[in-house]
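A quick note: this is a predicted structure, and the numbers were derived from the prediction, not measured. A, B, ... follow the sequence lines: proteins, then strands. Residue 1 opens every chain.
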Number of protein chains: 2
Amino acid sequence: MDRAPLEIATPTIYDVAALAGVSIATVSRVLNTRGHARPETRDRVLDAAAELQFVPNGAARQLSSRVKQVLALVFVRPPAKEPGDENDDLAEVETDLLFTDSVIRGAEAAAQQHGYSLLLRGVHAGDVATTTSLTGKSDGLIVLDQVLPSHRVASLAARTPMVLLAGSGRSRSARTVRVDNRGGMEAIAEHLIGTHCLHRLAFMAGIDSSPDSYTRAEAFRSAVEHLGASFEEQDAWWSADWTAAGAADAMRRRIEAGPPLPEGIACANDQMAVGVTHALREAGLRVPADVAVTGFDNIPLARYLRPPLTTVRQPAQQLGAVAVDTLVAMTERSAPPPRNVVLPTHLVVRSSCGCRTNGRGSGSADPRYEQ
Amino acid sequence: MDRAPLEIATPTIYDVAALAGVSIATVSRVLNTRGHARPETRDRVLDAAAELQFVPNGAARQLSSRVKQVLALVFVRPPAKEPGDENDDLAEVETDLLFTDSVIRGAEAAAQQHGYSLLLRGVHAGDVATTTSLTGKSDGLIVLDQVLPSHRVASLAARTPMVLLAGSGRSRSARTVRVDNRGGMEAIAEHLIGTHCLHRLAFMAGIDSSPDSYTRAEAFRSAVEHLGASFEEQDAWWSADWTAAGAADAMRRRIEAGPPLPEGIACANDQMAVGVTHALREAGLRVPADVAVTGFDNIPLARYLRPPLTTVRQPAQQLGAVAVDTLVAMTERSAPPPRNVVLPTHLVVRSSCGCRTNGRGSGSADPRYEQ
DNA sequence: TTGTAAGCGTTATCAA
DNA sequence: TTGATAACGCTTACAA
């Protein structure tokens, strides 16, 4: 308590050894509980380390042990906006990346369970240099969709453990983890057509360079046609982004173009479903009475929207977690990692498709109701 | 093209030097563009590095240069749920952490601009050990609210550059970055009382161990009383968490407890405002006609809710960015970092408070309308 | 059980 | 302009 605090800027293992009167090897062994030490020396070392508040230098440890205990996650950051209208744009960007956030969260949680930390890096699409440099700082790479062109993926994957996330799943060179987009959209199509007998359908897509968006659009279109409903070219709108605002704008334009409007609109994510609903309502149209609307993702607020949103649940956090598990398996060679993983999606039926929900009562907020 | 690819597991600077016929010192100089090299040797080195796809080992570089170019961000992860009802719980957890996600995003973006990566680590509240160990892997620490008890903060801050985020702002030992919670809640109180002449008000708080929640509750209560409206003990509900579901439950319980209900309910975040609105509507009450509801955060979907949510915008991304800027200033001693930063909040008036919004037309989706 | 010493792959300081 | 060579702080044989 009244002891003068030792003033060593940042103590090394040598300082601890000196204070405890042992060699650095002993300190290392004690601190890593490797080998056996006499209880007495053990205590001396521990005391010394505590007194100096010793924290091992990560770089040195990594260099020596050849293991970094770090996994890097690379994602695409939308290009920076002009300064000025900053705040509003930030809000939109935020919407845009909700999915990435969930993946990050899941990955971080899984990494932690394996004893790893997550190194985060947003890059511009195609930025090979920074992606590559992360290789030197981590034991393995998780690369989100759209970060690298496929030939780059191949050459990187040859040199370092790497998992490709949420892409088309077509890479031959890297392990891949993704979600069953196709199954989800087929379920939506079946529901709209089979249950609600809708015939004229449309799709609101996200950024058109995204395989996720493309796959969902394609799956929906082919399911719709296969089920005998129509899907006219005019009604395959492509919004500029994944946001509610972008979708609302696209919907307004479509409304101005004049009737006949489709009877049902499937959106590539939940935020866009919100935007579409908003625009329809502005124009005096009712959802779902006049037009049915569905989403994709099942964001937490989906069940509280009006009307509660029918959507597809995709396990975004699990996506990140599985990627980490795979990467750890590759790095530690503990178990043979699966080559390609496809996680299931589930239709979540609420009211925006036209299904009746007991608007009062606790029904609509009860997960059991939603299957 | 038809050259046999060199097979070196992971090439070092020695391999590059050998291939280029120079010393490792020269390789290092060329690659870091330090000092001058003859163009000819320069090219030889660059070619060799390219051919081997050389990527410097981060650990070695860090150890030698004493700079890691890594900033760590520590946040509290809610305790893990029991396996079993996994999916639904994940959805809730997700809601809960939106704020943290934004901070992370802002921090990552700022870090990147300074040339740093972000090391992410979720911990359980009070987990000193892992927090400390991050010290060894990074140049500085950003510690989110609730991670460490204050005496730990002090001792850690003495040993490593560190910024405390979104806390009470009371730490004497560490730099602090937070948001003007008080100003935001005062604006809400003034609006509800001054503009809408409401007299019986209530507050829906988040987790009660959170300084953010506490500060908002306190600020609202004192503003309300100062303005001559009433704030009765019975109506200071505390929901178990920050989620829509938790708030809906709390609201249902309050409704069951019987009238008189408050005329206005201020919530500590937007998600809870959604839950409160949902529960009120279940009970046949109209928002805002019967009860006004407000939020805090201004999440992207807020303007698309029904009714569009009156709330307080807080610059979550900027919070993370400022923390990083401060940390970098501390680490590089480039500029004197500010000791305590308080970022402004802004009232965003929409309709859930009782203000009229043109429900049709583009007004409600137009940011300019909202001040 | 403990200590000595050889790496780990860089950067950086000297000489040459 | 280049090349030896000494750190950097740790882990880990190998000896004692």
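Side-chain N/O atoms of B:Arg66 and base N/O atoms of D:dG9 include no donor-acceptor pair closer than 3.5 Å. Donor-acceptor pairing under 3.5 Å, judged by distance alone, is absent between the side chain of B:Ser65 and the base of C:dT11.
In this structure, the side chains of A:Val163 and A:Leu141 stay at 4.5 Å or more apart for every pair of heavy atoms. Considering only heavy atoms from C-beta on, A:Thr26 comes within 4.5 Å of A:Arg29 through its side chain. Contact check for A:Lys137 versus B:Lys68: no side-chain heavy atoms found under the 4.5 Å cut-off. Side chains of A:Phe54 and A:Ile13 form a contact here, defined as non-hydrogen atoms less than 4.5 Å apart.
In terms of phosphate contacts, B:Arg38 brings no side-chain nitrogen or oxygen within less than 4.0 Å of OP1 or OP2 of D:dT1. Of the side-chain N and O atoms in B:Ser64, none sit less than 4.0 angstrom from OP1 or OP2 of C:dG9. B:Arg29 has no side-chain polar atom (N or O) that falls below the 4.0 Å cut-off from OP1 or OP2 of C:dT11. Applying the 4.0 Å criterion to OP1 and OP2 of D:dT2, one finds that B:Thr26 has every side-chain N and O outside that range. Residue A:Asn32 places at least one side-chain N or O closer than 4.0 Å to OP1 or OP2 of D:dT11.
One can place CZ of A:Arg44 at 12 Å from C1' of C:dT1, the figure rounded to the nearest angstrom. Rounded to a whole Å, the CG atom of B:Leu63 is 12 Å from the P atom of D:dT11. Computed from coordinates, the B:Ile13 CD1 to D:dT5 C1' distance equals 14 Å when rounded to whole Å. Here D:dG9 presents its C1' atom at 13 Å from CD of B:Gln62, a figure rounded to the nearest Å. Taking atom CZ of A:Arg34 as the reference point, atom C1' of D:dT11 lies 8 Å away to the nearest angstrom. In this structure, CZ of A:Arg61 is placed 13 Å from C1' of D:dT12, rounded to the nearest angstrom. Atom CG of B:Asn57 and atom P of D:dC8 are 18 Å apart (whole Å). Atom CD of B:Gln69 is separated from atom C1' of C:dT11 by 14 Å (rounded to the nearest Å).
The nearest heavy atom of DNA chain C to A:His36 and to A:Ala25 marks one nucleotide each, and the one closer to the 5' end goes with A:His36. Between A:Tyr14 and B:Ser23, the residue whose closest nucleotide on DNA chain D is further toward the 5' end is B:Ser23.
Counting any heavy atom pair closer than 4.0 Å across all strands shown, A:Ala37 reaches sugar-phosphate atoms only and no base atom.
Checked against D:dG9, C:dA5, C:dA12, the side chain of A:Ile24 finds its nearest nucleotide in C:dA5.
Scanning all heavy atoms of the two residues, the minimum distance from B:Leu327 to B:Met162 falls at CD1-N, 3.6 Å.
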